[in-house]
Amino acid sequence: MQYFDYLYKKNNIKLNSQQIEAANHNEGHALVLSTAGSGKTTVITARGGRLVFENRIKEKKILTITFSKMAALEMRTRFQMWFGEEYRKYADFSTIHAFAYTIVRDYYNKHGKALNILNNNYSILANILKEEYKNKYYSSINVEEIENLSNKIGYVTNMMLNPYEYMDYGIKIKNFSNIYDNYQEYKVQNNLIDFDDMLIYCVKILKNVKNYNSYIKNTYQYIQVDEVQDTSKIQHEIIKLISNSNLFMVGDDDQSIYSFRGSYPEFILNFKNQYKDSKIYYLDNNYRSDKHIVNTARKFIEINDCRYEKNIYTKNKAQNEVNIAKFDTRAKQSKFVLKKILESRDENIAVLYRNNISSIIIANSLSSNNIDFYIKEDKNKFFNNFVVLDITAFIKLSLNLYDKKSFSRIYYKSYTYFSKTMCNFVLDDSYPKLTVINKLRKYKNLNKNNIKNIKRFKKDLEAVSKLTPMEAVEYIKNEIEYMEYLNRLDEEGRVNYSSALLMLEILSEIAANCLTLADFLNKIDELNDKIKQSSKNKGSRITLSTIHSVKGLEFDTVLMIDNIDGEFPPDEKGKTTEEYEEMLEEERRVFYVGMTRAKKYLYILAPQKTSLFVNEIIYGSNEKYKEKLKIGADVKHVKFGSGKIKDIDTNTITIKFKNKNNVKLDKDIVVEKRILEII
């Protein structure tokens, strides 16, 4: 029996002509470019099975390397289901990290050396950062700083970069190389390796210990790599070292979205140059999505320059148009999401977003309406975020001037500049019946500024206690000068100012629905509890998730929220033109991944100022947008309102807005920023 007949008769698996062509690849290097929903897992599993079925495996095995444990398990299960237990001895499935660790562990065991895995490096990095910043006035460390540092160390490893040239790679953490050295030294002294060290050690062993390299090559005749667009530079190095010139790689350059982890899509784009006699196969047919979704997503991703040209299509019917909806506020967007969820019946629904923080308002709305949902990631990061903890600490102190714990959190995060010794004096057990303010007044070494600031601080706290929750947040930001503190952290490269602003905006949205400060604090606690519970609701038909975390999944309905100018994609602050263009292409890929999760219905929602990507979907590329800017066209400007184009010349566009004289706008800026909505 022919192999593909066997697949169909035994497992009811029928491959299309492109899938068969790819699965028929035998010797040599190959790259399979697999668009979203095109059956890449089927192809990579079918190809491995065919090599076994046709007896092409001679005493060796096939190694299939996957991006995640879940993917490895899925392929192993599918392979066993299709081909039976006897085939398992011919095929191994593993993540790249698990494979690397096996080599490292085996080598160290044979040499009698102890080596322990560091599963979580946050506490170690926190201590290193505290030591680094101990002489700084604002020396406390927040979780976001540690997470950012950990990501940057991982990025340096995965991209095989020189940590001493960190500024050349856009790493803005002050004294990063010194922190990096201290971290490496700690691990060496304690015989520890972290997740990415497995890769470094593996490369060294494969390069320098010949019998290990030979052993791997003698074990595996064929190497298959799934999701190749997500592998990093050092992972490609490992794959290259273990290859017997029989690499079969499956992936999609349009879905490469993990550069922050060190993914290296350039490898795919340079595949033909790296492997001269290689072959490229295409899987263009999207089996997943409505034709309207596929066509819209294809036109959108084709705006990217650095990609393979593909004939992305589907044979599915065009039944539901892609729906773009605009709103003045996130609160109105949230009402729309709630309405769509209530209208739906049995469909599984995903509310997708670029940043974790975007889940909070939607979660609050669903919770208030007793609708269960599942949050894929741990969203408690919001409630443990330093901005949230700071703002609630200011409010708690305003309501209770005896709250020393809240004072110890924010004593230097405003205009006050109270010293650490002043804080310790407040925290000690002397004068237990005094308020924080009165305790400060008893500090022996007060200067004129201290006295002035204590008086002002007392007045400001009293003012906050009498405000509505929304007014209180604004007062803390501006009058108590919390924004200045955030600016200082941003200048040090310790936090992202834009992310902190977003946290404050979300807090304001929550506060807008609370009558009193006590209500606001209770709402934060209630929402925290609800979201903790939601992480257990895996059976819920409603999922809230970042786009990054649902790659590979699909849903009947997708609502992509918070497509706001400057957020998704982020603004170009602090980037060169080249860096911004590179970032923009990846962000466009992230957006494309979100769109292609939808099977039946896709809603793209834009509260506040519409993002570049939404405008690209409406108007297409810059050239197509430019074509629509014609004399007589009705337009809308975020500041000036509605108007009509009166004249266009080489450099300017003249518009007559209602109740205003003619306004001249720079033509290039209008096109680049899409600052005119064409009605």
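The aromatic rings of Phe568 and Phe613 sit perpendicular, their planes meeting at an angle over 60°, well past the 30° parallel limit. Note on ring orientation: taking the six-membered ring where Trp is involved, the planes of Phe457 and Phe418 are perpendicular (angle over 60°, cut-offs 30° and 60°).
Sorted by first and then second residue, the salt bridge (charged side-chain N to carboxylate O under 4.0 Å, His left out) pairs involving residues 179-195 (not counting sequence neighbours) are Lys187-Asp194, Lys187-Asp197. For residues 444-455, no pair satisfies salt bridge (charged side-chain N to carboxylate O under 4.0 Å, His left out), with sequence neighbours left out.
No hydrogens or angles considered: nothing links the side chains of Asn127 and Tyr186 as a donor-acceptor pair under 3.5 Å. If you check the side chains of Asn453 and Arg456, you find no donor sitting under 3.5 Å from an acceptor. Using modelled atom types, one finds no donor on one side chain facing an acceptor on the other under 3.5 Å when comparing Lys396 with Asn400. If you check the side chains of Asn178 and Glu132, you find a donor sitting under 3.5 Å from an acceptor. With no hydrogens or angles considered, no side-chain donor-acceptor pair links Tyr258 and Asn158 at under 3.5 Å. For the residue pair Asp519/Thr516, the side-chain donor-acceptor check at 3.5 Å is satisfied. Checking Gln235 against Glu237 by side-chain atom types alone, no donor-acceptor pair falls below 3.5 Å.
A 6.0 Å sphere centred on NZ of Lys458 holds no more than 12 heavy atoms belonging to other residues, nucleotides or ligands. Within 6.0 Å of the CD atom in Gln184, the count of heavy atoms belonging to other residues, nucleotides or ligands exceeds 12.
With sequence neighbours left out, the side chain to side chain donor-acceptor pair (under 3.5 Å) criterion links Asp403 to Ser406. By the side chain to side chain donor-acceptor pair (under 3.5 Å) test, Arg589 is found to be paired with no residue, residues two or more places apart in sequence or in another chain being considered. The side chain to side chain donor-acceptor pair (under 3.5 Å) test applied to Asn116 returns no partner, not counting sequence neighbours. Lys404 pairs by the side chain to side chain donor-acceptor pair (under 3.5 Å) definition with nothing, not counting sequence neighbours.
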Go through it in stages, so that I can follow the logic: the residues are Lys459 and Glu462, the test is salt bridge (Lys or Arg N to Asp or Glu O under 4.0 Å), and I'd like the CA-CA distance, side-chain angles, deciding distance and then a yes or no. CA-CA 5 Å; Lys459 184 179 177 182; Glu462 288 171 348; over 6 Å; no
Assess whether side chain to side chain contact (heavy atoms under 4.5 Å, CB included) is satisfied between Asn563 and Thr610, documenting all intermediate values. CA-CA 7 Å; Asn563 296 294; Thr610 307; over 6 Å; no
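Scanning all heavy atoms of the two residues, the minimum distance from Thr95 to Ser68 falls at CG2-C, 3.4 Å. Contact record, Cys202 with Val104: N-CG2, 3.6 Å, taken as the closest heavy-atom pair. Across all non-hydrogen atoms, the minimal contact from Phe176 to Lys152 is CE1-CB, 3.9 Å. Shown here for Leu517 and Pro469, the closest heavy-atom pair between the two residues is CD2-CA, 3.6 Å.
At least one test fails for Lys413 against the ring of Tyr482: distance under 6.0 Å to the centre or angle within 45° of the axis. Taking the centre and axis of the six-membered ring of Tyr431, the NZ or CZ atom of Lys442 falls inside the cone set by 45° and 6.0 Å.
A 4.5 Å side-chain heavy-atom check between Tyr417 and Met422 finds every atom pair outside the cut-off. Residues Asn537 and Gln533 have side chains in contact (heavy-atom distance under 4.5 Å, counting atoms from C-beta outward). Ile361 is not listed as a side-chain neighbour of Ile561, based on a closest heavy-atom distance of 4.5 Å or more. Using a 4.5 Å heavy-atom threshold, the side chains of Asn151 and Tyr155 count as separate. For the pair Ile564/Ser611, no side-chain contact is recorded, criterion being any heavy-atom separation below 4.5 Å from C-beta on. With contacts defined as side-chain heavy-atom distances shorter than 4.5 Å, the pair Pro607/Asp562 qualifies. Taking 4.5 Å as the limit, every side-chain heavy atom of Glu509 sits out of range of all side-chain heavy atoms of Ile360. At a threshold of 4.5 Å between non-hydrogen side-chain atoms, the residues Asn364 and Lys523 count as touching.
Between the OG atom of Ser256 and the CG atom of Asp230 there is a distance of 6.0 Å, given to the nearest 0.5 Å.
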